Amino acid sequence: MKRFAQLFQSLDQTTKTNQKVAALQQYFSEAPDDDKLWTIALLSHRRPRRSVTISLVREWAAEMAGLPVWLFDESYHIVGDLAETIALVLPKPVKTSERSLTDWIEHVIALKDLEDEQKREGMLEAWRSLNHRERFVFNKLMTGGFRIGVSQKLMTRALGRATGIDENILAHRLMGDWSPQTTTFEELVLQERAADDLSKPYPFYLAYALDVSYEQLGPPADWQAERKWDGIRGQLIKRDGHLFLWSRGEELVTDRFPEFEVLTAFMSDGIVLDGEILPFKDGVPLTFQKLQTRIGRKKVTKRILQEAPLILMAYDLLEHEGEDLRDHPIRHRRRILEEVVQSVNQEVLRLSEIIPFDNWPVLEQERDRSRELFSEGIMLKRLDSTYQSGRKKGDWWKWKIDPLTIDAVMIYAQQGHGRRANLFTDYTFAVWDGDSLVPFAKAYSGLTDAEFREITTFVRRNTLERFGPVRSVQPNLVFEIAFEGIQASKRHKSGVALRFPRMHRWRKDKHPKEANTLHDLMEMLKMYG
Amino acid sequence: MALIEFQKGGLYVPEADVYIDPWRRVKKALITHGHSDHARWGHHRYVCADSSKAILQHRLGDINIRGVPFGESFLVNGVQFTFYPAGHIVGSAQIKVEYQDEIWVVSGDYKTEDDGISGAFEPVPCDVFITESTFGLPIYTWLDQSIIFDEINQWWATNRDAGVTSILTGYTLGKAQRLLSGLDTSIGPIYTHGAIENMTKVIRSSGVPLPDTIRITPETPKKDLVGAMVVAPPSATGSPWMKRFKTVSIATASGWMQLRGARRRRSVDRGFVLSDHADWHGLNQTIEATGASKIYATHGYTDVFRRWLESKGLEAGVVKTRFEGELAEINEGSEPEEEEQP
Ligand SMILES: [Zn+2]
């Protein structure tokens, strides 16, 4: 456990990617195989199943610390992380432990089938033998994920460096439904497999936000325009009878999105498609929130598949009949793409439609329709452009719509989590309904740290009431709230739900009475809802 | 009439007509220690612990001031006052107020671990104890300072070997000298920011042993700073002053670094948990040792701390300060030099 706790600390102490990779690489070079395997599992969201309920963990921690539960909870509100809170309040350990990570995880797993009293003894035994850092890691095993700013991609890179195996091959080997209890490090990571090379993706070509006027782009006839969709960028690969789906973070997500499996039978080999993974139902895209219910979820139920079915909106073809097409102009790639999508003829694979336009103002009108089509704006691609790698300026542009905005008064504030644990960063906003304020949106991003600090000072000095971590404050501050869409909602007191609300600007120049009204919000609902 | 009243201007002893750490201008102010939220400018007369006098003069200039040795009592209108070491920074004091068989103690800021330069804290038996509670939550417990200094020196040595300048930030008064006293001078030279050098000189000349330091000036050769330790105030990070260093690793030392979230938010490379305030256990042990039956908490998580004391059967209250205690927590590291908090 000491080595893993040390790794955790090294990862936590730096924000620099290369230092994180170095720490992981060192760990993967030195740790015993079973510990390495568990580390890979933990960093790829394969935590052992919870063996003790959170409420019992909390209760026993408070008891061992000699604290009343309310005080433990107050502390938890301040810290924002249960595992950390427990590690901080427990009394000093009475002994040390040389047991390995794997040993402790097996200890945790074994608790599952025991009676509460034995579980309790098992927890206390761990807490008595582990130091502060080890306890934190142990508590994380008990209570939640290891979100430490290490993506699966980073972990895979470090593992690649430590083992000398190509990163992309490793990503493929680490995929799927395995657990350290069903495989070994040797079998999972080191052994060569027939399909190793097949999954290899191309680097994504990324577009810039349009920062010039359209006149400067030259004749419209040189350009291809499509809708810009709000999903996850994805690359779908079919080679040698196997299907692979990569997301933009270059993580292999094939097993997470089973609806694409059907394509294995309908796509020919040697095809790589670039497109947007979108939740899509009855001919229209669903909100990004629906997509979020799918990201990070390993087990996909029938209900989820019905509520948030995914498609790939294909907009480019990078490989065809095993040939790399990236040096061909998009006008050529597009032609073959259309043929491919048509011949596959499956609902999960759709073609991104081209918007015809022969002058820029016409396209601008199309852009203004984006909101009603659930799109974010327009994508512009120069017809002669090849598929480059990374972000290169000039050939691909995203031309997004402006967000909707409304001026609102802050009425509640709550402390942030993680990096902003000591600041009030999560706010509830209200608009006027006569003399009363009706809450309609929560937002927690869009301001600088300096602004958050200033507002935190305000919150502490203008608190009206405290409700656990939430404080109601004097309704004095006005913010311009930007959002992407508005829908009627019965669940909300205001009758509306906003899409992606965030703080656009702090309107220090505005008196609270100048904020917008519920009536204004209803007008927006009529226009855009 | 209470022996000490909580007035708009600060803690007031009506029988003696004196204030303790007032934030409005008054005729006579007893000062617990030199931090700017306790020792403010503009009072007619100042009384402080002997070892605090030079610090106050350095900070406030030409003032009417009297220093009193620790443990020596003096009378004002029949009220007896005594300073006791608070262990917070050099010269920091608790103030005992006695009148007609009643004893109140104002703790000021304090820490219970002896840092070797600030004087060893001792609990003072009393009836009413006005205690700070900056870190009055059970999540704030400190490790022995020797462990933290080992971490700091190890970090410095690693940086030195990599040709990196170590920049360690802490308040000009108090934290900076404590850091200096714990650094291992065999690793390399210690440089200081001008504000810290000036304050350190004052403290050194009052007899506190501190290692040699070199003031950084525009003439300091850049190559001399490679691998060296630089002690700077938090406000220096991110300022143009930092431009003179090539590759740096920046660390800050503070009790707030206890929380992972706070460490990450601070945008420094390392956060060392080293505080000049009492931790949870220090606060509780001290309160018990005073034997006080009534406790007032000030600074920090006062509401929670009061509820905790009440749950243990003590009578407890909260003293609001104009500088809301929690402000220190937010502003720490970004406030202007003069607004430095505990
Ligand atoms: Zn102080």
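Everything numeric here is computed off the predicted structure, so don't read it as measured data.
Remark: A/E74 CD to B/D303 CG distance equals 9.0 Å, nearest 0.5 Å. Here A/H132 contributes atom NE2 and B/T141 contributes atom OG1; the two are 8.0 Å apart, rounded to the nearest 0.5 Å. Remark: A/L88 CG to B/L259 CG distance equals 6.5 Å, nearest 0.5 Å.
Annotation: A/K442, atom NZ; neighbour count of heavy atoms from other residues, nucleotides and ligands within 6.0 Å does not exceed 12. Counting heavy atoms of neighbouring residues, nucleotides and ligands inside a 6.0 Å radius, atom CD of A/E59 exceeds 12 of them. Residue B/E310 places its CD atom among more than 12 non-hydrogen atoms of other residues, nucleotides or ligands, all under 6.0 Å distant. Counted within 6.0 Å of NZ on A/K92, heavy atoms from surrounding residues, nucleotides or ligands total 12 or fewer; the atom is thus considered open.
Considering all non-hydrogen atoms of both residues, A/E84 and B/Q258 come closest at OE2-O, 4.0 Å.
B/I139 touches chain A through backbone and side chain together, each having a heavy atom under 4.5 Å away. For A/Q13, the parts lying under 4.5 angstrom from a heavy atom of chain B are both the backbone and the side chain.
Ranked by non-hydrogen atom pairs under 4.5 Å with chain A, the options B/W308, B/Y140, B/W280 are led by B/W308.
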